[in-house]
Amino acid sequence: MTGKQLGWGTFSVGFLLVGIPFWLEPYETVTVPNSFFGWGVLVVFLAAAFLRALAHFSFLHSWLIAGAIIPAVTMARTLVEVVIDPTSNNLWPLVLILAAGTGAIVAIAGAGIASLFVRRG
């Protein structure tokens with residue numbers, strides 16, 4: 001498997017693992033970033049750590065790929081909700097910024113901790 005395939009595969013699996021529980025949550029109970037704390041954060045952290053330590057991606061690539069999971073999941077939900085009801089997500093740019101910040105911080109932590117275990121040689 002090539003590096004590109006590992007990157008896309010990790011992103012896709014993370015997207016579904018984080019997305020499905022988030023998408024099934026009722027609109028009234030969704031709060032970003034709180035809805036991602038727990039399972040979503042764990043998946044992103046592990047995705048970044050996997051890419052960095054086991055798939056031998058650079059820190060930057062690990063961070064960018066894993067960090068994009070939460071904002072992508074958020075944007076997918078937002079797009080569907082706006083198609084259904086155009087007035088439902090008036091603050092989507094702010095929500096997307098919060099999701100991107102959450103994904104970035106968690107992915108930095110995962111890639112950073114995994115970097116401690118990457119064999120130097």
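Because the structure is predicted, anything quoted here is derived from the model rather than measured.
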Worksheet item: So is Arg52 actually on top of Phe59's ring, under 6.0 Å and inside 45° of the axis?
Response: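 Checked: cation-pi criterion not met.
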List the atom of [X], the atom of [Y], and the distance in Å for their closest heavy-atom pair.
| X | Y | answer |
| --- | --- | --- |
| Ala114 | Ala53 | CB-CB, 3.9 Å |
| Val44 | Gly103 | CG1-O, 4.1 Å |
| Glu25 | Ser35 | OE2-OG, 3.3 Å |
| Ala48 | Ala107 | CB-O, 3.5 Å |
| Thr102 | Pro33 | OG1-CB, 3.0 Å |
| Ala47 | Thr10 | CB-CG2, 3.8 Å |

Euclidean distance, [Y] [atom2] relative to [X] [atom1], rounded to 0.5 Å:
| X | Y | atom1 | atom2 | answer |
| --- | --- | --- | --- | --- |
| Met75 | Asn89 | CE | CG | 9.0 Å |
| Phe22 | Ile70 | CZ | CD1 | 9.5 Å |
| Leu17 | Trp39 | CG | CH2 | 5.5 Å |
| Ser62 | Leu54 | OG | CG | 10.0 Å |
| Ile69 | Phe11 | CD1 | CZ | 6.5 Å |
| Gln5 | Ser12 | CD | OG | 11.5 Å |

Practice prompt. Answer yes if the ring centres of Trp23 and Phe15 are under 6.0 angstrom apart, and no otherwise.
Written response: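 Ring-ring flag for Trp23/Phe15: true, centres closer than 6.0 Å.
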Kindly indicate whether the side chain of [X], heavy atoms from C-beta on, has any atom under 4.5 Å from the side chain of [Y].
| X | Y | value |
| --- | --- | --- |
| Phe50 | Leu6 | yes |
| Phe36 | Val106 | no |
| Trp92 | Thr74 | no |
| His56 | His61 | no |

Say whether [X] and [Y] are linked into one hydrophobic cluster, either directly or through other cluster members, by side-chain heavy-atom distances under 4.5 angstrom.
| X | Y | result |
| --- | --- | --- |
| Leu24 | Leu42 | yes |
| Val73 | Leu79 | no |
| Val80 | Leu96 | no |
| Val13 | Phe57 | yes |
| Val41 | Leu64 | no |

Worksheet item: Backbone N or O of Asp85 within a donor-acceptor pair of the Ser88 side chain at under 3.5 Å?
Response: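 Such a contact is found between Ser88 side chain and Asp85 backbone.
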Worksheet item: Sub-3.5 Å donor-acceptor pair from the side chain of Tyr27 to the main-chain atoms of Glu81, do we have one?
Response: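 A pair under 3.5 Å: no.
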